[in-house]
Every structure is written in C-alpha cells, then in structure tokens.
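Right, one structure below, let's go through it.
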Amino acid sequence: MADGPPIDALKAVAHPVRFRILQALSGGELNVGQIEEATEIAQPGLSQQLAVLRGAGLVQSRKQAKLVFYSLDRDAIQEVVSALTSLSGATAGDLPAVTRRPLPGAANFARLS
C-alpha cells in the first residue's frame, strides 16, 4: 500500500463476505476448498472475493500443485488497523491483542506455517 490512507483495503474489509474470508484466514493459511468450507461461500463468489482481497493487498496467495493457498498479509492488515486507530487518537498498542481461534473441521489439520 502506498502513502495516505489505505482506502482500497478499507473498502475491501468493509464487505461482509470479504470480512468473513479474512476472519477465516486469521487462523492461518488455508487453501480455497478450506476457505469455502469455513465460510460457506460457494466457489465462484469466493474466487471473485479473493481476487478483490488480493487486489487490495490484504491477502497473499501461493500455488502448490493444483491447490492455491491464501494467507493474510499481516503488514497490510496492520496498516489498516493503524489507519483506523489513528482516527480515535489511540495507537495499535492500546488495543487488546487478537486471539486466534481454531477453525472447525478439516481446516485444522492442513495448516502450513
């Protein structure tokens, strides 16, 4: 993301479906099938929303064989958090730490770090 407020990232985060995807990815890297299972978003819509998140710089992708894995770009997410906290006069350090929660089902066994 460039200088100034991360407007494209904020727009991407503000969409409820994309926010659900980001929530699923907060637990760690997942492949498209695992994201679909965790969010209950059908494949065509999921691919479209993942493309928006990629374009906004909020997620990273990598391909392994036939699978595409996605993960949060933590630096980009931190930039969005910092932009929002600056509006309140608070700093990111003033906010409580985010606790990762395990996702239900098959997504737990496939985490790669």
pair F19-V13: side-chain heavy atoms closer than 4.5 Å
yes
Main-chain N/O of E79 paired with S82 side-chain donor or acceptor, under 3.5 Å:
no
For L72 and Q60, work out which heavy atoms get closest and say how close.
O-OE1, 4.2 Å
To the nearest 0.5 Å, tell me how far L67 CG sits from L30 CG.
11.5 Å
In terms of heavy-atom contacts, I35 and I21 come closest through CG2-CG2, 4.2 Å
Shortest non-hydrogen separation from A9 to V80 and the atoms involved
CB-CG2, 3.5 Å
L25, V52: one ILVMFWY side-chain cluster at the under-4.5 Å cut-off?
no
Hey, is the main chain of P44 close enough, under 3.5 Å, to the side chain of S47 for a donor-acceptor pair?
no
Determine whether the side chains of R62 and Q64 contain a donor N or O and an acceptor N or O closer than 3.5 Å.
yes
Check: Y70/R54 side-chain N/O donor and acceptor closer than 3.5 Å
yes
Can you tell me how far CD of Q43 sits from CD of Q48, rounded to the nearest 0.5 angstrom?
12.0 Å
Between the CD atom in E40 and the CG atom in L46, the distance rounded to the nearest 0.5 Å is 12.5 Å
Rounded to the nearest 0.5 angstrom, the CG-CG distance for L50 and L58 is 11.5 Å
Distance-minimising heavy-atom pair for R18 and K11
NH2-O, 3.7 Å
Is any side-chain heavy atom of N31 closer than 4.5 Å to a side-chain heavy atom of V68?
no
Kindly give the heavy-atom pair with the smallest separation between E36 and I41, and that separation in Å.
CG-O, 3.1 Å
For D73 against G57, the heavy-atom pair lying closest together:
CB-O, 3.5 Å
